[in-house]
K.L.:
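One structure, pasted below without further comment.
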Amino acid sequence: MKKLMAIALTAAMSLGLLAGCGSSSSTASEAPASSAASSAVSETPASSAVSSAAEEAAASSTADAAESDLEYVKANGKLVVGITDFAPMDYKDESGNWIGFDADMAKAFAESLGVEVEFVEIDWDNKILELDGKTIDCVWNGMTLTDEVKSAMNCTGAYLNNAQIVVVPADKADQYQTEESLAELNFAVEAGSAGEAVATEKGLNATPVKAQADALMEVAAGTSDAAIIDSLMAAAMVGEGTGYETLTYTIGLSTEEYGVGFRKGSDLTDALNDFFKSAYADGSMQTIAETYGVQAALVEQQ
């Protein structure tokens with residue numbers, strides 16, 4: 001019940017608040033025809049080879065530019081998905097398999113393309129470098145659609161609503177119910193995340209850590225006073241019946257939306273947008289959302 005209330009709060013907050021060939025020109029001089037013929041004969045095999053190599057390189061470059069990400073993924077036989085350990089989006093079950101709302105949706109999308117899915121844990125702060133370097137094919141891990149993200153990637157439409165919220169020890173929660181009360185706290189935030197961005201925006205003291213799960217560990221261990229994490233994660237991992245029963249969440253600092261990121265110009269973006277629409281229409285997206293308790297945060301796909 002607590003998780004569903006938190007998700008409903010996120011959805012409500014989202015309604016309230018809210019990318020010469022240098023022309024070598026040779027000048028012909030007047031010369032006898034025999035001289036011109038002699039000049040033509042003097043062209044060496046080496047210069048012909050260089051010219052041929054340049055033409056092949058240009059053709060190869062054009063082919064690479066024309067290659068679609070969709071064809072690239074199908075040729076590889078797999079969709080490589082960049083993630084972090086982030087319940088309820090992507091996390092491992094007791095057998096070590098990746099599950100979660102994003103993980104299950106990624107599996108379904110890969111199946112629709114006729115390929116396998118491979119999950120790769122990345123350093124979230126390096127997600128754009130990983131994507132452009134083709135070590136992953138997309139970033140699909142509860143990624144907030146910030147201006148920086150949308151300018152560096154081709155992004156899908158939003159599929160979930162979210163918020164950045166404050167997590168503190170439960171026995172101190174009554175002291176931190178307003179933004180003003182947070183001024184002297186030391187926060188743990190995931191490097192490169194929306195949580196770090198909102199901490200910077202609001203002038204809060206923040207120390208970046210590798211993942212949101214690490215931010216929770218810092219608060220539980222007492223090495224940080226508080227954390228700023230996604231509300232969907234907090235609903236799944238904080239409070240009674242979770243691994244962090246001594247922690248709780250208090251106020252929201254921002255509202256946002258999740259999307260999936262591909263390389264700039266990628267035709268996989270349209271393919272996934274179409275898949276989201278069909279999965280929403282046939283109810284399979286809602287079924288997966290209910291499995292992980294995020295159904296109240298779903299964004300209608302149309």
Side-chain angles (χ1 to χ4, degrees), residues 1-14 16-17 84-94 99-101 124 141-142 144 160-191 193-256 258 289-297:
M1 179 62 73
K2 180 178 180 182
K3 293 181 181 180
L4 292 179
M5 289 177 65
I7 300 300
L9 174 60
T10 296
M13 290 174 64
S14 297
L17 296 177
T84 65
D85 191 337
F86 170 18
M89 300 291 104
D90 296 293
Y91 62 102
K92 289 184 177 180
D93 63 15
E94 294 179 354
I99 60 172
F101 178 74
W124 194 246
N141 189 75
T144 301
L160 280 179
N161 291 308
N162 184 51
Q164 292 301 313
I165 62 174
V166 174
V167 174
V168 296
D171 60 359
K172 298 180 180 178
D174 59 346
Q175 302 175 37
Y176 305 113
Q177 298 294 325
T178 65
E179 284 193 27
E180 292 73 21
S181 66
L182 309 177
E184 301 304 318
L185 296 181
N186 292 311
F187 286 88
V189 296
E190 180 182 44
S193 70
E196 182 179 37
V198 77
T200 300
E201 176 189 337
K202 295 185 179 296
L204 300 173
N205 302 315
T207 300
V209 294
K210 185 175 181 181
Q212 292 192 75
D214 294 329
L216 291 179
M217 290 175 60
E218 293 285 338
V219 182
T223 48
S224 291
D225 301 320
I228 301 173
I229 66 169
D230 292 30
S231 63
L232 293 177
M233 182 182 196
M237 296 188 66
V238 171
E240 185 178 352
T242 72
Y244 292 99
E245 291 190 327
T246 62
L247 304 182
T248 191
Y249 39 93
T250 57
I251 64 172
L253 299 177
S254 69
T255 58
E256 60 199 29
Y258 285 166
E290 289 167 3
T291 301
Y292 298 101
V294 300
Q295 65 273 18

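Counting from 1, the numbers follow the sequence of the chain as shown.
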K.L.:
For residues Ala199 and Ile228, report the shortest heavy-atom separation together with the two atoms involved.
P.N.:
CB-CD1, 3.8 Å
K.L.:
With the side chain counted from C-beta on, respond yes when Leu160 and Met89 share a heavy-atom pair under 4.5 Å apart, and no when they do not.
P.N.:
yes
K.L.:
Test of understanding: with side chain to side chain contact (heavy atoms under 4.5 Å, CB included), list the residues that count as partners of Ala188, not counting sequence neighbours.
P.N.:
Ala215, Glu218, Ser224
K.L.:
If you round to the nearest 0.5 Å, how far is OH of Tyr176 from OG1 of Thr248?
P.N.:
14.0 Å
K.L.:
Closest approach of Ala297 and Leu232, non-hydrogen atoms and distance?
P.N.:
CB-CD2, 4.1 Å
K.L.:
How many angstroms lie between atom OH of Tyr91 and atom OH of Tyr292, to the nearest 0.5 angstrom?
P.N.:
5.5 Å
K.L.:
Locate the shortest heavy-atom distance separating Tyr244 from Met217; write the atom from each residue and the value.
P.N.:
OH-CG, 3.0 Å
K.L.:
Roughly how far, to the nearest 0.5 Å, is the CZ atom of Phe86 from the CD atom of Gln212?
P.N.:
5.0 Å
K.L.:
Glu196 and Pro208: which non-hydrogen atoms are nearest, and at how many Å?
P.N.:
OE2-CB, 3.7 Å
K.L.:
Just one of Val198, Val166, Leu182, Leu185 clears the side chain to side chain contact (heavy atoms under 4.5 Å, CB included) bar with Leu204, so which one?
P.N.:
Leu182
K.L.:
Would you say that Thr207 contacts Asn186 through its side chain, given a criterion of any heavy-atom pair below 4.5 Å between the two side chains?
P.N.:
no
K.L.:
Which of these passes side chain to side chain donor-acceptor pair (under 3.5 Å) with Tyr258: Asn161, Asn141, Asn162, Thr144?
P.N.:
Asn162
K.L.:
Is there side-chain contact between Glu190 and Thr84, with at least one heavy-atom pair below 4.5 Å?
P.N.:
yes
K.L.:
Any non-hydrogen side-chain atom of Gln164 less than 4.5 Å from a side-chain atom of Asp230?
P.N.:
yes
K.L.:
Are Lys210 and Trp124 side-chain neighbours, meaning at least one heavy-atom pair lies under 4.5 Å?
P.N.:
no
K.L.:
Rounded at 0.5 Å granularity, tell me how far NZ in Lys172 sits from CG in Asp225.
P.N.:
6.5 Å
K.L.:
CD1 of Ile251 to CD1 of Ile165: how many Å apart, nearest 0.5 Å?
P.N.:
10.0 Å
K.L.:
Any side-chain heavy atom of Thr246 within less than 4.5 Å of one from Pro169?
P.N.:
no
K.L.:
Grab the two heavy atoms, one from Ala289 and one from Gln295, that are nearest each other, plus how far apart they are.
P.N.:
O-OE1, 3.5 Å
K.L.:
Side chain to side chain contact (heavy atoms under 4.5 Å, CB included) for Asp85 and Lys92? Distances and angles first, verdict last.
P.N.:
CA-CA 8 Å; Asp85 191 337; Lys92 289 184 177 180; 5.6 Å; no
K.L.:
Tell me the closest heavy-atom pair linking Gln177 and Ser181, and the distance in Å.
P.N.:
N-OG, 3.5 Å
